Amino acid sequence: MSFYFIFYASRFRDRLPGYLVPEFYNITLWPRLKPNPNSNLYIFTGWSAVQFECLEATDLILIHSNKLNYTEMKDEHFVSLTSEGVSVPNIKSTWLQLQTQYLVIQLMGKLTPGQKYQLHAQFTGELADDLAGFYRSEYKEDGVTKIVATSQMHPTNARKTFPCFDEPAIKAVFHLTLIHPTGTIALSNETLLQTTFEATEKMSTYLLAIIVSDYAHLRVSGNQIGHWFHIRIWARKKAIKEGQGNYALNVTGPILDFFQAYYNISYPLRKSDQIALPDFYFGAMENWGLVTYRETNLLYDPETSSNSNKETTVTIIAHELAHMWFGNLVTLRWWNEVWLNEGFASYVSYLGADYAEPDWNVKDLIVLDDVQKVFAVDALVSSHPLTSKEDSINLPGQIMEQFDTISYSKGAAVLRMLSDFLSESVFKQGLSSYLRHFSYGNTIGSDLWKHLQTAVQDNNVSLPRQVDAIMNRWVRQMGFPVVTIDTSTGIVSQNHFLLVPESNVTVESFGFFRYEWMIPVRWMKDGATKDIWWLLEKKGVQLWTGPSWVLANINVTGYYRVNYDLGNWERLFSQFNTDHQVIPLINRAQLVDDSDVFIIVQITNTCSVYKYISGNKFCIHPNLRSAVYCSAVAAGGEAEWNFTWSQLQDATVASEANKLMLALACSNNTQLLERYLEFTLDPAKIRKQDATAVITAVANNRAGQNLTWQFVTKNWEHMFTEYGVGSFSFASLISGVTARFSTPQELQQVFQFECIYAGFGSAALAVDQALERTQANIKWVQRNKQDVLQWFRSQTGN
């Protein structure tokens, strides 16, 4: 290995140095849909050429490559180098750097700045069932096993498909040819011309998509969204025949219409393909022009799918289509700001879904599904800021760790707050300016703040500070504030809210903000809405005294909790009992959620709040199928379990199969639960994409909690090494299995687990959070066990 490479590895750590800029790739791939008779493996072969421009004289080429076997060229190197009209340095040596996933080409001379070169390679890869890169998915139709060759390049798996400059800021055009068997259909990001596709737009490697299948599709064509355009929904032939793609087809056009108007920019492509895959790691993926989904998230059967399934489908479609502009047309430079991409799509997905289904009040669900959910994680000292330092996120495991609840849900909540205090019209104006200015390019988060600030100035919006000064406090430090309003004194204060108040916060805020926030406070007094008020320091004074009740954070547009003096709590609960409709609907949920949490951390008096909650019943009427299946399995024995398992095998609707799959975890028979856990290690029984959900579901069953922990600790090394990041969501697995831990013995087990296994990859943060959450649960039980027990006894007369 040359010292030159060591120098670059030290200087740039695990990032490409940036002195070679690709213009386009020519890629030919040939997936084999039958196993190789010699190795019994499914493989693909490929040929690639990338044209790049040299910006700085160098004798070293670094390009990403992972799990590819190269056919040696005539000079016995992995690649060949050519150029038109200029002499090319000979290749001295080539090798694979496994940790950084580089293919390294050491040259005998230096490349010339300003000159363009072509790097050629021929390679073979495994078409594995690992849900990463170019991979294999299987399903049965009419008793026949069928193979789909599909892809998941995001975030760092394009390099597992062909050698490439696999970083989001290094965009290029892709020319793709697929060789595939007769009777199958080839799909990619652009319109199909036999097996060769039109060139893509200039885009990042992680947005490339490649699929070979014998699927059928539904189609709408015409002047659908302002220009000639194709919308297609692809799925298994039987699913299409049964109409399971109709709902997705019907809502896609309206959602694209909405986002064209919202961004004030036409849809950048001439087609929108969406495809449902039997095996898929994420819920969906926003590949530009060819969006991939789990079947449960795209397909909807009116006969068997619930209203919840329908809401999930329209919201996820809106999330992915929002990325066609924000994320694809304009892409964040690096993974340290994943939150801005995913948080934004999560926020506006509610807006797009609301446009497609205006009678559902979908926009209200963000408080339940995102804001209140992420509060539980962001109240831990093991949380993290939305924006990380760029040089701290390098390896694939570190990158994957960024795709968590903080990035998606807190990101959505903070951007919703920003849109609210700017006004939606000003927010959209700045957003449109940002997207137009950086189209087909890359940005950092501060670029958006600048364009929003320009919109603020153009519209004479009054803010206490500039947009970046306000937002940096929300994105560069972890956690969130609790705003405390004392109506007896008029003092309003803020503090960093922690699930365990006495915790020692060792993480410095990124920017030295000392865990203080600039907080927009929307409020009302006795039902009358007041002007927005800003809390800019630890303490402020607002004349909120007197006998009237005060309610802050109207519609929970702010990302913070609110506590009051006991007198105001009592006046609010009195208002609930006399005329609850005076209080906005979302704030009714907020008051219950905030008061519950304040009980946990001993901020609010326990008994006074329980008096209110016990006297009010919130009646909801969901679709009952999931509950009925679960109850039947729980009450039954092995015969009922086996019957449910057989129904799962025969299910042809993905949402129905998902309900049956989760119901099997409801059994009270530990032998059946042990059997079910073992099934997760056999992809022929439980798909790899579903293993985490099954294990977590068993853990949520009281009868299965200890079994699940024993299973995970026993099989961790096997799961972590054999299945890999593309199959198991290890962070979700750790969080789900330990969610109910609340004893010193369980805490010790997690400590031992952390000590035994040296590496956790993308689950490292989840292990820290499991330890902290268990400690918090232990303290809560110690403080409140007797009080809660006494309360139950008083209610039952026992």
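Note: hydrogens, waters and symmetry copies are ignored here, and every other heavy atom, side chains too, is used. Each residue takes its place number in the sequence, starting with 1. Quick caveat: nothing in here was measured; it's all calculated off a predicted structure.
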* Mind running side-chain hydrogen bond (donor to acceptor under 3.5 Å, both in side chains) on Ser388 and Asn336 for me, showing each step along the way? => CA-CA 5 Å; Ser388 303; Asn336 64 308; over 6 Å; no

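- For an aromatic pair to be called close, the ring centres must be under 6.0 Å apart, and Trp709 with Phe741 satisfies this.
- A distance of 6.5 Å separates CZ in Arg476 from OG1 in Thr387, rounded to the nearest 0.5 Å.
- Leu351 and Lys363 get closest at one heavy-atom pair: CD2-CD, 3.4 Å.
- Residues His384 and Leu765 form a side-chain contact, since some pair of their non-hydrogen atoms from C-beta on lies under 4.5 Å apart.
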* Passes side-chain contact (heavy atoms from CB on, under 4.5 Å), Arg561 versus Gln372? Steps please. -> CA-CA 10 Å; Arg561 292 193 181 277; Gln372 292 180 352; 5.6 Å; no

* **Evaluation steps, salt bridge (charged side-chain N to carboxylate O under 4.0 Å, His left out), between Asp531 and Arg522** => CA-CA 7 Å; Asp531 292 336; Arg522 292 197 179 276; over 6 Å; no

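- Nearest heavy-atom pair across Ser383 and Val377 is CB-O, 3.7 Å.
- When the side-chain contact (heavy atoms from CB on, under 4.5 Å) test is applied to Thr312, the partners found at least two apart in sequence or on another chain are Asn297, Ser308, Ile316.
- Between Val475 and the choices Leu386, Leu340, Asp468, the side chain to side chain contact (heavy atoms under 4.5 Å, CB included) rule is met once, by Leu386.
- Between Trp360 and Val314, the closest side-chain pair of non-hydrogen atoms falls below 4.5 Å.
- With hydrogens and angles ignored, the 3.5 Å screen pairs no side-chain donor or acceptor of Asp447 with any backbone N or O of Thr443.
- Ring centroids of Phe753 and Trp716 are separated by less than 6.0 Å, placing the two rings close together.
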* Asked: side-chain contact (heavy atoms from CB on, under 4.5 Å) between Val521 and Ile532: does it pass, once the steps are laid out?
  -> CA-CA 6 Å; Val521 181; Ile532 192 170; 5.8 Å; no

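- Atoms CE and CD1, from Met719 and Ile695 in turn, are 5.0 Å apart once rounded to the nearest 0.5 Å.
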* Show your reasoning for whether side-chain contact (heavy atoms from CB on, under 4.5 Å) applies to Gln769 and Ile734. => CA-CA 9 Å; Gln769 291 173 345; Ile734 293 296; over 6 Å; no

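- Between Trp474 and Phe480, the ring centre distance reaches or exceeds 6.0 Å.
- A donor-acceptor pair shorter than 3.5 Å can be found between the side chains of His323 and Glu342.
- The two residues Ser735 and Ala766 come nearest to each other via the heavy atoms OG-CB, 3.9 Å.
- In this model, a donor atom of one side chain and an acceptor atom of the other lie less than 3.5 Å apart for Trp549 and Gln575.
- For Asn553, the side-chain contact (heavy atoms from CB on, under 4.5 Å) test picks out Val556, Thr557, Tyr560, Val562, Gln590, with sequence neighbours left out.
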* Working for side-chain contact (heavy atoms from CB on, under 4.5 Å), residues Gln790 and Asp787 -> CA-CA 5 Å; Gln790 184 61 39; Asp787 289 343; 5.8 Å; no

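- One finds the OG atom of Ser409 at 8.5 Å from the OH atom of Tyr559 (value rounded to the nearest 0.5 Å).
- Looking at every heavy atom in both residues, Tyr515 comes nearest to Met478 through CE2-O, 3.4 Å.
- Side-chain contact check for Leu422 versus Leu452: some heavy-atom pair is nearer than 4.5 Å.
- Closest heavy-atom contact between Gln494 and Trp517: NE2-O, 2.8 Å.
- Annotation: Lys538, atom NZ; neighbour count of heavy atoms from other residues, nucleotides and ligands within 6.0 Å is above 12.
- Applying the side-chain contact (heavy atoms from CB on, under 4.5 Å) rule to Ala697 yields the partners Leu662, Ala665; only residues at least two apart in sequence or on another chain are considered.
- For the atom pair CG of Asp690 and OG1 of Thr680, the computed distance is 11.0 Å after rounding to the nearest 0.5 Å.
- Within a 6.0 Å sphere centred on CZ of Arg333, heavy atoms belonging to other residues, nucleotides or ligands number 12 at most.
- Taking CG of Asn568 as the start and OG1 of Thr487 as the end, the distance is 4.5 Å to the nearest 0.5 Å.
- A 6.0 Å sphere centred on CD of Gln752 holds more than 12 heavy atoms belonging to other residues, nucleotides or ligands.
- Between Trp523 and Val483 the shortest side-chain heavy-atom distance does not fall below 4.5 Å.
- Between His496 and Gly479 the shortest heavy-atom distance is NE2-CA, 3.8 Å.
- For the residue pair Thr296 / Asn658, no side-chain donor-acceptor distance below 3.5 Å is found, with atom types taken as modelled.
- For the residue pair Ser742 / Asn777, no side-chain donor-acceptor distance below 3.5 Å is found, with atom types taken as modelled.
- Within the 4.5 Å cutoff, side-chain heavy atoms of Ser382 are placed close to those of Glu772.
- Partners of His154 by side-chain contact (heavy atoms from CB on, under 4.5 Å), not counting sequence neighbours, listed by chain and number: Gln152, Tyr206, Phe282, Met285, Trp335, Phe403.
- Pairs engaging residues 406-419 under the salt bridge (Lys or Arg N to Asp or Glu O under 4.0 Å) rule: Asp378-Lys410 [sequence neighbours left out].
- Ring planes of Tyr347 and Phe344: perpendicular class, angle over 60° (limits at 30 and 60°).
- A 4.5 Å side-chain heavy-atom check between Leu380 and Leu498 finds every atom pair outside the cut-off.
- When Ile470, Leu535, Leu536 are each tested for a side chain to side chain contact (heavy atoms under 4.5 Å, CB included) with Ile519, only one passes: Leu535.
- If you check the side chains of Glu746 and Gln705, you find a donor sitting under 3.5 Å from an acceptor.
- In summary, of the residues considered (Asp370, Asp364, Thr315), a side-chain hydrogen bond (donor to acceptor under 3.5 Å, both in side chains) with Tyr350 occurs for Asp370 alone.
- Listed by chain and number, the residues in a salt bridge (Lys or Arg N to Asp or Glu O under 4.0 Å) with Arg473 amount to none (sequence neighbours excluded).
- Residues Trp339 and Gln402 form no side-chain contact, since every pair of their non-hydrogen atoms from C-beta on lies 4.5 Å or further apart.
- Proximity of Ser346 to His319: side-chain heavy atoms (C-beta onward) are separated by under 4.5 Å at one or more points.
- Between atom NE2 of residue His580 and atom CG of residue Asn587 there is a gap of 13.5 Å, rounded to the nearest 0.5 Å.
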